[in-house]
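Following: one structure in structure tokens, then a few remarks.
Quick caveat, the model's predicted, so the values are computed rather than measured.
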Amino acid sequence: MDTEAIALGSLTPRGTRRLIHVSDPSNTTGLLSDPAAQPRELRQIVRNYAQEGHIDSVVQEIYAESMTMFWRTDKTPYDVRYQHRRMIPMMDNGLMPVEVYIDECHKQGMEFIAGFRMNDRHGHHPGFFKKLSEEKPEWVLTEYPPSWEGAPPESHRYGCSLNYAVPGVRDYLFSIMEEVAQRFDVDGIEFNFTRLVECFPRAEAAQSHPLMTDFVRRVRAMLNEVGTMSISPMPLGRPGYPPPVDRGRRLLLGVRVPQQLAGCAAWGLDVPTWIEEGLVDYVAPADFGFTDFNETYEDFTRLARGHDCYVYPQVQTQLGIDADIDMEPARYRAAARNFYAAGADGLSTQNYFFHWLPQFESPGEDGPAIPEEYPRGFNYLKELRDPDEIAVGDRHYVFLPLWADLNDGHGMSHIYQPQRIVLERGPAEARGDYRFRVCEHFPADPILPLTTEGSGLSFFTNGLAKGDRLAIDINGTAVPAERVSWTWNEEGPPSCKVALSSPPFRYGDNVLGLTLEQGAAGAEGDIVVERLECMVRVTEVG
């Protein structure tokens, strides 16, 4: 197909996989008994994915920070954290928790994908990296500090991430991935580069893509070979466990990568080559911490549509490092609508457990404390499987600088591209533009009247004075006063709501334009617009 001629909204999802749920290493450990987790608890976790969330594929991350989780090997240490020690009695008894996860996923009709955090640097494993820095210092990237504020001093001193420029590092990780593929009945492996992407020295990263691409090729070849082998799904000799089975299937290789192709390339990830050579079965582009409504994911779908590769942009539970805004059903629908319009084949999650994390408590004498929002919080995901079902619910689009001022607004790894309008006061008219994506068909007549809870585009103007006169346009068309409503809030900046209609709004990318025609007498400082919201009430849009 012509990969250069993809219009927003012209593509329907491919395949049957719609929801990939990423379970980070510790998000379920609070649901396990202390001091000894039980297999039935692991099985119930998996059943909740299937029954409450209608998940298709579970990515359980089983390796991070040079530690394994939910299984043990002699190639690298098992997780040192107390919550993961609860599974040691089960493993001492000959059963790896990951085997229970896999078995139950398959019973529930879900794929199980083993997740590998490619260079997580929370800093939870200082002893390992201290020893490594003494024995193989070239293996450790010391220029990148821990990403976790609570990391111990040793993680700052000795480093906490691996240098993939060193062949031994690549051999080390490959040996672990190979063991997982050969030992467990996984349906595939996922590389998570959003935890984190710095795999090479900063000065060498952009030129290091051949090294990472060769590693991807190597893992792909290994998965192709292992997919033809027979495997014992669970320990033999245990009543009720099945005998060895012949896989006879292609094992998946997925990659979770930064949401801009340019950002991937800057850190040594040649995603176009991975897709074009058929090395990866899916790509999950994502911000490092937040749901991004505004990203142009069609940059990925253009590539993937020309090959046998699927695209699953990621949603997360929060919106911005300083925003204090959580995702909710109307916001999930809005994000999913934009993703599907860009040609996505479904969605994936990360840090979804934040919906109930504040309610977690340490297990007591009566067993684990189950948060009130668990597992019903998975219900939000059900309707995101179907673009048509999304359309029957309200949508709430939110646009703001996800990373505030971190690294001049470019966030972790200097990849994110924020939108904002800055109007400087001066003798000449100041103008600014803000691109925002809303994949909606609005009626020709404006949706009026403008109410607090009704449909409309709202923007918030920091630094605006009551004597300032702003001209507003959408896609270059002036918005008349009768289609605008201003609110001067007692707390927070003044906000403006604009009535929705098409034109001037259009399906897909829109541009809000603001011009400071006249400044208030004596007013000082810039007028800054960083946050936009578009509420779409289905009862008003039709």
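The 12-atom threshold is not exceeded at CD of Glu149, counting heavy atoms of other residues, nucleotides or ligands nearer than 6.0 Å. Shown here is Glu225, whose CD atom has no more than 12 heavy atoms of other residues, nucleotides or ligands within 6.0 Å. Annotation for Asp405: atom CG does not count as buried by contact number, only 12 or fewer foreign heavy atoms lying within 6.0 Å.
Here the CD atom belonging to Gln182 is positioned 4.5 Å from the CD atom belonging to Glu178, to the nearest 0.5 angstrom. If you take CD on Gln350 and CG on Asn192, they are separated by 5.0 Å, rounding to the nearest 0.5 Å. How far CG of Leu32 is from CD of Gln44: 12.0 Å, rounded to the nearest 0.5 Å. Remark: Phe339 CZ to Leu384 CG distance equals 10.0 Å, nearest 0.5 Å. Here the NE2 atom belonging to His124 is positioned 8.5 Å from the OG atom belonging to Ser155, to the nearest 0.5 angstrom. To the nearest 0.5 Å, the span separating CD1 on Ile189 from CG on Leu252 amounts to 10.5 Å.
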task: Give the C-alpha distance, both sets of side-chain angles, the deciding distance and a yes or no for salt bridge (charged side-chain N to carboxylate O under 4.0 Å, His left out) between Arg85 and Asp79.
output: CA-CA 7 Å; Arg85 313 307 285 180; Asp79 201 309; over 6 Å; no
- request: Walk me through it: do Tyr352 and Phe378 pass the test ring-ring contact (aromatic ring centres under 6.0 Å, His included)?
  value: CA-CA 9 Å; Tyr352 196 79; Phe378 284 115; 5.6 Å; yes
message: Show, in sequence, the C-alpha distance, side-chain angles and deciding distance for Thr76 and Met67, and conclude whether the side-chain contact (heavy atoms from CB on, under 4.5 Å) test is met.
response: CA-CA 6 Å; Thr76 201; Met67 300 185 292; 6.0 Å; no
query: Under the side-chain contact (heavy atoms from CB on, under 4.5 Å) criterion, do Thr349 and Gln314 qualify, and how do the steps go?
result: CA-CA 5 Å; Thr349 69; Gln314 179 175 282; 5.8 Å; no
Candidate pair Trp267 and His209, rule ring-ring contact (aromatic ring centres under 6.0 Å, His included), full reasoning: CA-CA 8 Å; Trp267 288 105; His209 61 89; over 10 Å; no
- prompt: Given the rule in the ring-ring contact (aromatic ring centres under 6.0 Å, His included) test, do Tyr158 and Phe128 qualify, once you have shown the distances and angles that lead to the verdict?
  reply: CA-CA 10 Å; Tyr158 301 111; Phe128 176 87; over 10 Å; no
message: Checking Arg247 against Ser230 for the side-chain contact (heavy atoms from CB on, under 4.5 Å) test, could you report, in this order, the C-alpha distance in whole Å, the side-chain angles of both residues, the deciding distance, and whether it holds?
response: CA-CA 6 Å; Arg247 278 174 167 164; Ser230 63; over 6 Å; no
task: Go through Trp403 and Phe288 one step at a time and tell me if the ring-ring contact (aromatic ring centres under 6.0 Å, His included) criterion holds.
output: CA-CA 10 Å; Trp403 291 94; Phe288 291 93; 7.1 Å; no
message: Applying side-chain contact (heavy atoms from CB on, under 4.5 Å) to Glu198 and Leu141, what does each step give before you reach the verdict?
response: CA-CA 9 Å; Glu198 293 89 348; Leu141 286 171; 5.5 Å; no
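Glu389 and Arg385 are not joined by a salt bridge, as no carboxylate oxygen comes within less than 4.0 angstrom of a charged side-chain nitrogen. Ionic pairing of Lys75 and Glu179 is present here: one or more N-O contacts between side-chain nitrogen and carboxylate oxygen are shorter than 4.0 angstrom. With salt bridges taken as basic N to acidic carboxylate O contacts below 4.0 Å, none links Asp56 and Arg17. Checked for salt-bridge contact, Asp92 and Arg72 meet the test: a charged N lies under 4.0 Å from a carboxylate O. Residues Lys107 and Asp103 are paired through a salt bridge, judged by an N-O separation under 4.0 Å between the basic side chain and the carboxylate. Taking 4.0 Å as the cut-off between side-chain N and carboxylate O, Glu65 and Arg117 do not count as a salt-bridged pair. The pair Glu135-Lys131 meets the salt-bridge criterion, since a charged nitrogen lies less than 4.0 angstrom from a carboxylate oxygen. Salt-bridge annotation for Arg170 and Asp214: absent, with no side-chain N of the basic residue lying under 4.0 Å from a carboxylate O of the acidic one. The pair Asp171-Arg218 meets the salt-bridge criterion, with a side-chain N (NZ, NE, NH1 or NH2) lying under 4.0 Å from an Asp/Glu carboxylate O.
Gln417 and Gln260 form no side-chain donor-acceptor contact under 3.5 Å, judged by distance and modelled atom types alone. Donor-acceptor pairing under 3.5 Å is recorded for the side chains of Glu111 and Ser57. Side chains of Ser26 and His84: a donor on one and an acceptor on the other come within 3.5 Å. Residues Tyr416 and Gln259 have side chains that never bring a donor and an acceptor to within less than 3.5 angstrom of each other.
Proximity of Leu269 to Pro258: side-chain heavy atoms (C-beta onward) are separated by under 4.5 Å at one or more points. Residues Pro418 and His410 meet the side-chain proximity criterion, which asks for heavy atoms closer than 4.5 Å. With contacts defined as side-chain heavy-atom distances shorter than 4.5 Å, the pair Glu134/Phe129 does not qualify. For the pair Arg220/Trp274, no side-chain contact is recorded, criterion being any heavy-atom separation below 4.5 Å from C-beta on. With a 4.5 Å cut-off on side-chain heavy atoms, Leu402 and Thr291 do not count as touching. Annotation: side chain of Tyr374 is in contact with side chain of Leu31 (closest heavy-atom distance under 4.5 Å).
For the pair Asn119 (side chain) and Val197 (backbone), a donor-acceptor distance under 3.5 Å is absent. At least one donor-acceptor pair under 3.5 Å links the side chain of Gln60 to the backbone N or O of Ser23. Panel note: side chain Asn163, backbone Trp139; no donor-acceptor pair is recorded below 3.5 Å. For the pair Arg395 (side chain) and Gly393 (backbone), a donor-acceptor distance under 3.5 Å is present. Within the 3.5 Å criterion, the main-chain N or O of Met327 finds no donor-acceptor partner in the side chain of Thr317. At distances below 3.5 Å, at least one donor-acceptor pair connects side-chain atoms of Tyr144 with backbone N or O atoms of Arg202.
Between Phe70 and Tyr101, the angle of the ring planes goes over 60°, which puts this pair in the perpendicular group of the 30/60° scheme. Aromatic ring pairs are classed by plane angle as parallel below 30°, tilted from 30° to 60° and perpendicular above 60°; the pair Phe200 and Tyr164 is perpendicular. Aromatic ring orientation, Tyr397 versus Phe399: parallel (interplanar angle below 30°, classes split at 30° and 60°). Ring planes of Tyr49 and His21: tilted class, angle from 30 to 60°.
Outside the 6.0 Å centre-distance limit, the rings of Phe191 and Phe116 are not counted as a close aromatic pair.
Residue pairs satisfying the salt bridge (charged side-chain N to carboxylate O under 4.0 Å, His left out) criterion with at least one member in residues 319-328, sequence neighbours excluded, are listed as follows: Glu328-Arg331.
Among Asn407, Asp408, Leu406, the one residue that satisfies the side chain to side chain contact (heavy atoms under 4.5 Å, CB included) test with His414 is Asn407. Evaluated for a salt bridge (Lys or Arg N to Asp or Glu O under 4.0 Å) with Glu383, the options Arg18, Arg337, Arg333 yield exactly one hit, Arg333. Of the residues listed (Arg86, Glu41, Gln38), the one engaging Ser33 in a side-chain hydrogen bond (donor to acceptor under 3.5 Å, both in side chains) is Glu41, and it is the only one.
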